[in-house]
Amino acid sequence: MNGIGFLASFITTGRLHGIGIGSNLGEVDQALHHRYVDVVGEGEASLRRDYGFVELYFNPGSEWVMSGGSIELHRLANAPELAARWGESTGVEFAQYTAWADVREALSGVPSGPEFTVTDQCGFLDYRAETSCVSVLVVDDEEEERGYHVGHGDVWSVSLWAPIRAN
């Protein structure tokens with residue numbers, strides 16, 4: 001699968017290789033067979049699992065439970081080998097740069113695709129899909145050009161967050 005199709009699915013469903021908010025570490029380990037580094041917060045109050053350009057976040061309890069994650073696509077501009085390793089272990093091939101226009105085109109073909117709330121984030125546009133709890137940060141500085149960094153109109157990152165629960 002290519003990265004564009006993968007992102008369209010993730011943005012629509014909030015699921016990354018079948019895992020998402022509420023998945024435990026065992027489920028994550030079954031879904032992702034990729035090298036990682038675990039970073040445990042002070043007092044074991046949090047866990048960040050770093051797969052290179054994909055990061056997953058966990059909250060403690062009787063077991064670690066996924067509370068969010070991000071696909072840091074901007075890292076691929078300067079380190080395309082991260083995408084190559086990810087493709088080898090997951091079957092998803094990401095390009096060095098991902099244009100938001102290409103992702104939007106892929107989303108247009110998804111039945112019941114998400115609606116976005118767009119906010120300006122000082123040089124970025126944040127496209128939030130409330131139904132899937134996914135946010136896409138897109139470079140909005142027209143002076144930014146592709147090179148060692150992503151350029152204008154490219155996706156910086158795609159993030160998953162836990163919804164706020166009413167008491």
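Predicted model, so just to flag it, every value in this text is computed and none were measured. Below, all heavy atoms of this structure are taken into account, side chains as well, without hydrogens, waters or symmetry copies.
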Show your working on side-chain contact (heavy atoms from CB on, under 4.5 Å) between Arg49 and Val28 and close with a plain yes or no.
-> CA-CA 10 Å; Arg49 182 165 279 184; Val28 170; 4.2 Å; yes
Kindly determine whether Asp50 and Arg35 satisfy salt bridge (Lys or Arg N to Asp or Glu O under 4.0 Å), including the steps that lead there.
-> CA-CA 9 Å; Asp50 189 339; Arg35 292 185 307 172; over 6 Å; no
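- Counting all heavy atoms, side chain and backbone alike, Pro114 lies closest to Thr12 at CD-OG1, 3.7 Å.
- Annotation: the span from Ile19 atom CD1 to Met66 atom CE amounts to 5.0 Å, rounded to 0.5 Å.
- Side-chain contact between Leu7 and Ile71: present, with at least one pair of heavy atoms (C-beta onward) separated by less than 4.5 Å.
- Here Thr131 contributes atom OG1 and Phe116 contributes atom CZ; the two are 8.5 Å apart, rounded to the nearest 0.5 Å.
- Closest approach of Arg146 and Asp154 over heavy atoms only: NH2-OD1, 2.6 Å.
- Put simply, Val40 and Tyr36 are part of the same group of oily side chains (I, L, V, M, F, W, Y) that touch within less than 4.5 Å, one to the next.
- In terms of heavy atoms, Ala45 sits closest to Pro60 at O-CD, 3.3 Å.
- To the nearest 0.5 angstrom, Leu56 atom CG is 9.0 Å from Leu47 atom CG.
- A heavy-atom distance below 4.5 Å is not found between the side chains of Trp64 and Asp38.
- The side-chain tip of Arg75 does not point at the ring of Trp156 from less than 6.0 angstrom away and within 45° of straight on.
- Between atom CG of residue Asp120 and atom CG of residue Leu125 there is a gap of 6.0 Å, rounded to the nearest 0.5 Å.
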Going through the distances and angles, do Tyr51 and Val37 end up as a side-chain contact (heavy atoms from CB on, under 4.5 Å)?
-> CA-CA 7 Å; Tyr51 293 91; Val37 174; over 6 Å; no
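- Between the side chain of Ser70 and the backbone N or O of Glu72 there is no donor-acceptor pair closer than 3.5 Å.
- Checked against side-chain contact (heavy atoms from CB on, under 4.5 Å), Gln121 has the following partners two or more places apart in sequence or in another chain: Thr119, Phe124, Asp126, Leu137.
- Listed for the Glu27 side chain is a donor-acceptor partner under 3.5 Å among the backbone atoms of Asn24.
- Environment of CD in Glu81: crowded, with over 12 heavy atoms of neighbouring residues, nucleotides or ligands closer than 6.0 Å.
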Decide side-chain contact (heavy atoms from CB on, under 4.5 Å) for Asp140 and His152; before the verdict, give the C-alpha distance in whole Å, the side-chain angles of both, and the deciding distance to 0.1 Å.
-> CA-CA 6 Å; Asp140 190 40; His152 179 257; 3.9 Å; yes
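- More than 12 non-hydrogen atoms from other residues, nucleotides or ligands lie less than 6.0 angstrom from NE2 of His34.
- Contact between Val134 and Gly14 at its shortest, heavy atoms only, is CG2-CA, 3.9 Å.
- Remark: side-chain polar atoms of Thr98 are not paired, donor with acceptor, to backbone N or O of Val155 under 3.5 angstrom.
- You'll find the side chain of Tyr127 stays beyond 4.5 Å of the side chain of Ile11, heavy atoms only.
- The CZ atom of Phe58 sits 12.0 Å away from atom CZ of Arg48, with the distance rounded to the nearest 0.5 Å.
- Considering only heavy atoms from C-beta on, Phe6 comes within 4.5 Å of Leu16 through its side chain.
- In this structure, Phe53 CZ and Leu82 CG are separated by 7.0 Å, a value rounded to the nearest 0.5 Å.
- Residues satisfying the ring-ring contact (aromatic ring centres under 6.0 Å, His included) test with Tyr57, not counting sequence neighbours, are none.
- A donor-acceptor distance shorter than 3.5 angstrom exists from the side chain of Gln96 to the backbone of Ala77, with no hydrogens or angles considered.
- Using a 4.5 Å cut-off between side-chain heavy atoms of Ile, Leu, Val, Met, Phe, Trp and Tyr, with links allowed through other members, Leu160 and Leu107 fall into the same hydrophobic cluster.
- Remark: side-chain polar atoms of Tyr97 are paired, donor with acceptor, to backbone N or O of Gly147 under 3.5 angstrom.
- Linking Ile, Leu, Val, Met, Phe, Trp and Tyr residues whenever their side-chain heavy atoms come within less than 4.5 Å leaves Val110 and Val103 in two separate clusters.
- Taking every heavy atom of both residues into account, Leu32 and His17 meet most closely at CD2-CD2, 3.4 Å.
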Yes or no on side-chain contact (heavy atoms from CB on, under 4.5 Å) for Trp86 and Glu93, after CA distance, side-chain angles and deciding distance?
-> CA-CA 7 Å; Trp86 184 262; Glu93 302 289 336; over 6 Å; no
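- Remark: side-chain polar atoms of His33 are paired, donor with acceptor, to backbone N or O of Gln30 under 3.5 angstrom.
- Residues Ile4 and Ala106 approach most closely at CG2-CB, 3.6 Å, considering heavy atoms.
- Hydrophobic clustering (ILVMFWY, side-chain heavy atoms < 4.5 Å, transitive): Val158 and Val92 are in one cluster.
- At a threshold of 4.5 Å between side-chain heavy atoms, the hydrophobic network of Ile, Leu, Val, Met, Phe, Trp and Tyr places Phe10 and Met1 in one connected group.
- Within a 6.0 Å sphere centred on CD of Glu63, heavy atoms belonging to other residues, nucleotides or ligands number more than 12.
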